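In what follows, chains carry the letters A, B, and so on, assigned in the order in which the sequence lines appear, proteins first and then strands, with residues in each chain numbered from 1. Note that the coordinates shown come from a computational prediction; the quantities given were computed from them, not determined experimentally. The figures here come from the full heavy-atom set of this structure, side chains too, leaving out hydrogens, waters and symmetry mates.
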Amino acid sequence: MLSTKPSSYLAPLHLLQLLTKTQSLKLTQQTHARVCHLGLHQNPIILTNLINAYSRSKNPLQSQILFNSIELKDACLYNTLINGYVKNNLPHECFDIFNTMCQSVDSFPDEFTFSTLAKLSGEIGDLLAGKWVHGKCVKLGFVTDTVLANSLMSMYGKCDGMQDARKLFDEMPQRTVSSWNIMLSRYVNGENCFPDSQVWEFVKCMLTEGLKPNEFTLSNLLTRSGRFDHGRELHCYIIRNEMNLDVDSGVHLDCCLIDMYSRNNKLSLARLVFDQMRFKNVYVWTAMMSGYLHNGDPQETVHLFCKMRRMSRVEPNEVSLLTLLSASSLIAGLLGVEQIHGLSVKNGFVNHTSLCNSLIDMYSKNGLLTSARKVFDHDCRSKDAVSWGCMISGCGLHGKGQEAVGLYDKMLTSGIKPDAISVVGVLSACSKSGLVEKGLDAYNKAIKVSGFEPTVEICSCVVDLLGRSGQVNEALTFIKAMRLEPGPSVWGALVSASVVHTNYETRVLAYKSLIEIEPENPSNYVSLSNLYASSRKWDFVADVRRTMKERNLRKSPGCSWVTVNSKTHSFLVADKAHPAADKIYEILNELTLVMKRP
DNA sequence: TTAGGGTTAG
């Protein structure tokens with residue numbers, strides 16, 4: 001390399017292209033020095049690659065300094081600089097450079113520029129900016145470019161503009177596999193995704209156009225494979241077409257396969273894919289950790305995390321810590337949460353929104369509301385609906401209804417759109433703290449002001465809110481006026497209310513409704529039978545018991561358990577079998593008295 | 001120099 005002739009720029013060019021993969025600032029600087037030494041410091045191809053290498057090594061400022069020193073700037077140089085800012089998550093700078101580019105006399109924006117700006121708009125979820133980019137493309141006649149049209153489609157897909165995306169897709173003069181993949185990625189996931197049959201129909205249409213699925217198509221389909229048979233067929237297709245032989249896309253696909261097998265409860269097959277991989281990155285390790293967590297083995301999740309760091313020297317990212325957090329809180333409770341919190345601080349991930357959200361939730365559920373609030377106030381800098389929802393539910397869980405309502409109002413004023421779970425959070429907080437009016441107010445605001453579609457869970461909360469406060473008949477009126485079909489949780493809330501406020505008729509009605517919608521659940525029959533028995537209606541008791549027999553239903557007794565010093569003690573109702581039963585009931589009676597105290 | 005895919009939380 002060092003003996004390269006000054007006239008040749010190929011060697012440094014190849015080196016720079018390699019550097020974009022290594023993302024090393026030091027090597028980029030060394031090559032930059034060599035480029036200057038060889039007198040290539042104004043060569044446009046070398047400069048483009050240098051700017052790219054600096055951006056890839058997470059130094060967009062270096063790219064900008066270099067860019068400023070260039071005498072003649074062509075569109076390619078501008079585009080590379082803008083792209084660097086996109087990759088480094090600095091959206092404002094991109095539009096600033098675009099404006100400078102428009103004012104320059106040497107270069108004009110081209111399809112590459114607009115394609116990058118479309119991608120940027122999609123990534124920041126700015127539909128207005130995206131539409132502006134689209135308008136400019138139409139005006140300048142670039143829209144027939146396939147890659148640019150694909151970028152615009154992708155932007156619409158990310159900004160809730162699926163109708164516009166589809167319009168572009170349908171009107172494209174020529175579609176590539178990427179065009180289909182971009183649409184497919186929206187159809188397999190997200191709020192308005194297709195049902196399975198339509199997803200397959202869409203892929204069939206792609207095949208009839210003579211296009212062959214590639215690794216992107218397969219990974220899209222794998223994320224959707226809820227059915228094991230489909231997933232296995234896709235795995236066979238990957239092997240038959242040797243798609244997993246390429247290092248980059250092979251790792252990607254194996255990661256999807258691990259996830260697919262885990263979601264279908266085939267953990268041993270997921271592990272087989274994992275063990276056969278020669279190169280494993282943090283995504284792969286995390287997918288496997290998550291597989292164990294969701295298949296009920298949090299110990300193995302923690303074990304894999306340790307193996308990843310100690311044996312494979314792979315550094316964790318925010319998601320691996322998040323997965324570890326869920327696993328270790330199941331094993332070690334609060335101790336696990338605090339340790340991972342420490343590890344997150346050490347690794348510089350403490351401001352990551354999802355991680356903060358989990359910490360808030362875990363601290364709340366483990367009794368440390370103040371720690372949860374500290375994370376919420378100080379660490380969680382970019383709060384989303386989940387962050388607010390976790391904190392609101394946490395307050396509700398600790399009986400702090402007023403605080404939950406205050407947070408909910410603050411969330412609305414900060415411009416965060418509440419989702420169904422945060423509405424449930426504030427309603428249940430009000431319900432538990434007896435704040436009926438505030439709860440109803442929050443409900444009405446969500447439905448009437450924000451145009452929220454009530455979910456069954458939200459309706460259950462309203463029934464609970466009214467019922468708990470003694471307004472059992474009002475709760476029943478609410479159920480009758482519901483537009484949705486009332487589910488078990490709605491009638492269940494009415495049962496609780498009518499038990500507490502001893503409303504016999506409503507309780508019978510609620511049990512009967514539950515039997516109707518859950519005919520296989522023996523609990524509802526037993527509860528109804530017991531209720532009849534308590535008022536000596538023996539004929540009715542016999543009727544219910546007969547129906548249970550006819551339907552071959554048996555109720556297994558309810559059981560609770562507690563683990564102390566690794567030994568699990570289990571209890572049935574009115575159980576006196578435990579050696580310390582007398583002491584246990586003594587404490588239970590004391591606690592009951594405390595709970596009943598006004 | 002432009003587009004599309006993987007692990008995560010309430």
Query raised in the report: Do A/N214 and A/N181 meet the criterion of a side-chain donor-acceptor pair at a distance under 3.5 Å?
Result: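 A/N181 and A/N214 do have a side-chain donor-acceptor pair below 3.5 Å.
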
Rounded off to whole Å, could you give me the [atom1]-to-[atom2] distance for the [X] and [N] pair?
X	N	atom1	atom2	answer
A/F349	B/dA9	CZ	P	17 Å
A/I392	B/dG10	CD1	P	16 Å
A/M391	B/dG10	CE	P	16 Å
A/I360	B/dA9	CD1	C1'	10 Å
A/K365	B/dA9	NZ	P	12 Å
A/F98	B/dT1	CZ	C1'	15 Å
A/N351	B/dA9	CG	P	20 Å
A/F305	B/dT8	CZ	C1'	14 Å

Query - Note, A/I392 side chain near A/M411 side chain (heavy atom, < 4.5 Å) - result: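 The answer is yes; the side chains approach within 4.5 Å.
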
Query raised in the report: A/N49 near the nucleic acid: base, sugar-phosphate alone, or nothing, with a heavy-atom cut-off under 4.0 Å?
Result: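 Sugar-phosphate contact only - A/N49 comes under 4.0 Å of backbone atoms but never of a base.
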
Query raised in the report: Contact class for A/A385 (heavy atom, under 4.0 Å): base, sugar-phosphate, or nothing?
Result: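 The answer is base, as A/A385 lies within the cut-off (heavy atoms under 4.0 Å) of a base atom.
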
Query raised in the report: Taking the six-membered ring where the residue is Trp, are the ring centres of A/Y156 and A/H134 under 6.0 Å apart?
Result: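 Between A/H134 and A/Y156, which both carry aromatic rings, the centre distance is below 6.0 Å.
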
Query raised in the report: With sequence neighbours excluded, what pairs up with A/Y78 under the side-chain hydrogen bond (donor to acceptor under 3.5 Å, both in side chains) test?
Result: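 So A/Y78 forms no side-chain hydrogen bond (donor to acceptor under 3.5 Å, both in side chains) with any residue.
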
Query raised in the report: Taking A/F98 as the fixed residue, which of A/F112, A/Y85, A/W132 is the one that meets the ring-ring contact (aromatic ring centres under 6.0 Å, His included) rule?
Result: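 It is A/W132, the one option of A/F112, A/Y85, A/W132 that forms the ring-ring contact (aromatic ring centres under 6.0 Å, His included) with A/F98.
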
Query - Sequence-aligned protein contact record of nucleotides 2-7 of chain B, with B where the base is within under 4.0 Å of a protein heavy atom and S where only the sugar-phosphate is - result: BBBBBB

**Report entry** side-chain hydrogen bond (donor to acceptor under 3.5 Å, both in side chains): pairs with one or both residues in residues 276-291 of chain A, sequence neighbours excluded
**Finding:**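 Those involving residues 276-291 of chain A are A/S290-A/H294.
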
